[in-house]
Protein chains: 2
Amino acid sequence: MTPDPLHRRIYADLEGRILSGELSPGARIPFEHELTAQYGCSRATVSKALSELAGRGLVTRRRRAGSFVAQPKAHAAFLAIPDLRAEVMERGQAYGYRLLDQKQRGPDGGAEIELAAGGPLLALTCLHSADSVPLALEHRLIALAVAPQAIKVNFQSTPPGTWLLDYEPWTEAENRIGAVEADALTARLLQIKPGAACLSVERRTWRDGQGVTRVRQVFPGDRFDLVALFSSAHAKDPSR
Amino acid sequence: MTPDPLHRRIYADLEGRILSGELSPGARIPFEHELTAQYGCSRATVSKALSELAGRGLVTRRRRAGSFVAQPKAHAAFLAIPDLRAEVMERGQAYGYRLLDQKQRGPDGGAEIELAAGGPLLALTCLHSADSVPLALEHRLIALAVAPQAIKVNFQSTPPGTWLLDYEPWTEAENRIGAVEADALTARLLQIKPGAACLSVERRTWRDGQGVTRVRQVFPGDRFDLVALFSSAHAKDPSR
DNA sequence: CGTCGTGGTATGTCTAGACATATTGATCGC
DNA sequence: GCGATCAATATGTCTAGACATACCACGACG
């Protein structure tokens with residue numbers, strides 16, 4: 001009943017025709033002037049709908065040639081990697097956190113020198129738990145040259161991930177997800193048997209090309225799954 | 001030297017000020033009419049830049065109130081989960097594929113009944129390899145009620161993931177990533193020792209609410225990492 | 001004092017055009 | 001036949017406005 005904006009309707013119509021297969025990859029989408037006539041609106045409105053479709057990778061637009069249904073490339077998925085504390089609390093569990101070790105030191109190798117950016121590193125080891133069950137062991141390095149305020153933070157009470165999320169914005173990041181077997185120390189801290197399968201998430205973030213932090217989190221394989229739920233109609237738009 | 005479109009420059013300027021922390025979460029962004037004056041352009045151009053920022057979750061716009069820097073919610077990461085064949089070939093390795101088992105059967109349990117949508121299921125087991133080294137063991141179910149053409153496909157030569165990607169569009173999907181220990185059969189097929197840590201990726205996809213396929217891929221932990229590289233300036237825009 | 005309009009304001013949507021730019025397809029010259 | 005040139009065309013960008021809509025603040029009324 002609520003009259004959706006026209007450009008949204010056009011967007012939805014075309015999206016439906018693409019996803020239903022009526023318009024298959026490579027097929028040409030009606031010219032803007034045709035859609036203009038069809039919907040009785042101006043070209044700007046049609047163009048807005050097409051721009052959104054292009055932004056979401058459903059269509060490709062080429063000058064002079066027209067707009068076409070894009071070839072499906074890869075499953076591009078939005079993987080939500082929230083702050084662990086927020087994640088645990090959202091599930092209604094009690095979040096626990098313990099700082100195991102904190103020291104300041106220089107970089108010890110190639111990758112760490114790059115991260116350090118000429119300054120010292122803050123190395124933290126901590127343990128996250130949900131309802132008193134160990135959930136993740138975290139090894140984190142923070143480049144103090146880039147995030148000098150980190151020295152003053154009391155990481156006894158604040159998980160470094162939470163603090164960084166709030167105070168140290170990043171511009172690029174890389175996540176590396178893999179499976180590893182728990183070594184003896186990890187197994188003891190996570191209360192699992194040595195050699196058990198664990199999910200390893202290693203994340204590195206940069207701000208304007210300078211490394212900010214590098215973190216490796218190890219989760220017991222039987223206690224944690226990363227879940228990414230998404231739609232190709234896309235879930236990012238808050239207005240829906 | 002190339003004069004970028006104005007709306008892009010405005011976008012980049014504001015993005016920079018947000019990511020650098022100059023504009024912190026909750027801060028108000030100059031009104032559109034102020035930006036209009038500042039850049040000497042029309043409101044539509046400013047609005048386009050703000051719309052893109054809003055679309056990417058960096059700002060929130062409210063009528064009457066204005067535009068504000070969004071609260072950082074979660075690290076939302078673009079995780080590219082491409083077709084395995086394309087992935088392997090892109091790395092310059094020889095892609096190998098072998099169909100181990102194919103049968104058509106009815107659903108055997110709760111979740112499968114939901115997937116089957118009243119029809120039979122096609123159950124496939126296959127093995128992917130890179131340079132003759134086993135890379136992943138795949139168990140897949142396809143709902144024939146939704147994708148009837150799958151019966152006619154020769155999965156001896158075409159990996160089901162590749163075929164589905166090309167011919168059966170999806171609208172929603174869920175990825176579940178975890179770590180598991182290899183059971184005896186898996187270990188033998190992947191040529192690893194039983195109990196070795198493996199990365200398990202389970203993906204379910206739907207089209208308009210109807211389940212299309214469910215797949216579980218198991219990768220040896222020491223041979224495969226999922227890597228997600230992204231920037232909060234976001235990598236989806238093909239024009240960059 | 002509380003509650004219900006009401007007006008002002010900022011964004012949301014849209015129009016009808018303009019010029020710029022890239023690319024295609026055809027024409028022309030060799 | 002083949003290559004270079006050129007015009008037609010579709011999209012990209014932008015303008016200067018218009019009306020719609022949501023929201024906040026303030027004031028009037030009970």
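Letters go in sequence order (proteins before strands), and every chain restarts at 1.
Residues that satisfy the side chain to side chain donor-acceptor pair (under 3.5 Å) test with A:Glu112, not counting sequence neighbours, are A:Arg105. For A:Gln156, there are no side chain to side chain donor-acceptor pair (under 3.5 Å) partners, not counting sequence neighbours. Here A:Ser67 pairs with nothing under the side chain to side chain donor-acceptor pair (under 3.5 Å) rule; sequence neighbours left out. With sequence neighbours excluded, the residues forming a side chain to side chain donor-acceptor pair (under 3.5 Å) with B:Arg17 are B:Glu22, listed by chain and number.
Regarding A:Phe68, its CZ atom lies at a distance of 11 Å from the C1' atom of C:dT24, rounded to whole Å. B:Arg8 has its CZ atom 10 Å from the P atom of D:dC14, to the nearest Å. Counting to the nearest Å, the P atom of D:dT11 and the NZ atom of B:Lys48 are 14 Å from each other. Here the P atom of nucleotide D:dT9 and the CD atom of A:Glu34 are 14 Å apart, to the nearest Å.
Taking the six-membered ring for Trp and thresholds of 30 and 60 degrees, B:Tyr97 and B:His128 have ring planes inclined between 30 and 60 degrees apart.
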Show the atom names and distances, to 0.1 Å, of all donor-acceptor pairs under 3.5 Å that link a side chain in residues 26-38 of chain B to residues at least two apart or in another chain.
{"from": "B:Arg28", "atom 1": "NH2", "to": "B:Ala65", "atom 2": "O", "distance (Å)": "2.6"}
{"from": "B:Glu32", "atom 1": "OE1", "to": "B:Arg43", "atom 2": "NH1", "distance (Å)": "2.7"}
{"from": "B:Glu32", "atom 1": "OE2", "to": "B:Arg61", "atom 2": "NH2", "distance (Å)": "2.3"}
{"from": "B:Glu34", "atom 1": "OE1", "to": "B:Phe31", "atom 2": "N", "distance (Å)": "2.9"}
{"from": "B:Thr36", "atom 1": "OG1", "to": "B:Glu32", "atom 2": "O", "distance (Å)": "3.0"}

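Contact annotation: B:Thr45 side-chain N/O to D:dT15 OP1/OP2 distance is under 4.0 Å.
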With sugar-phosphate taken as primed atoms, P, OP1 and OP2 and all else as base, the protein-contact string of nucleotides 4-12 of chain C at under 4.0 Å (heavy atoms; B, S, -) is ----BBBBB
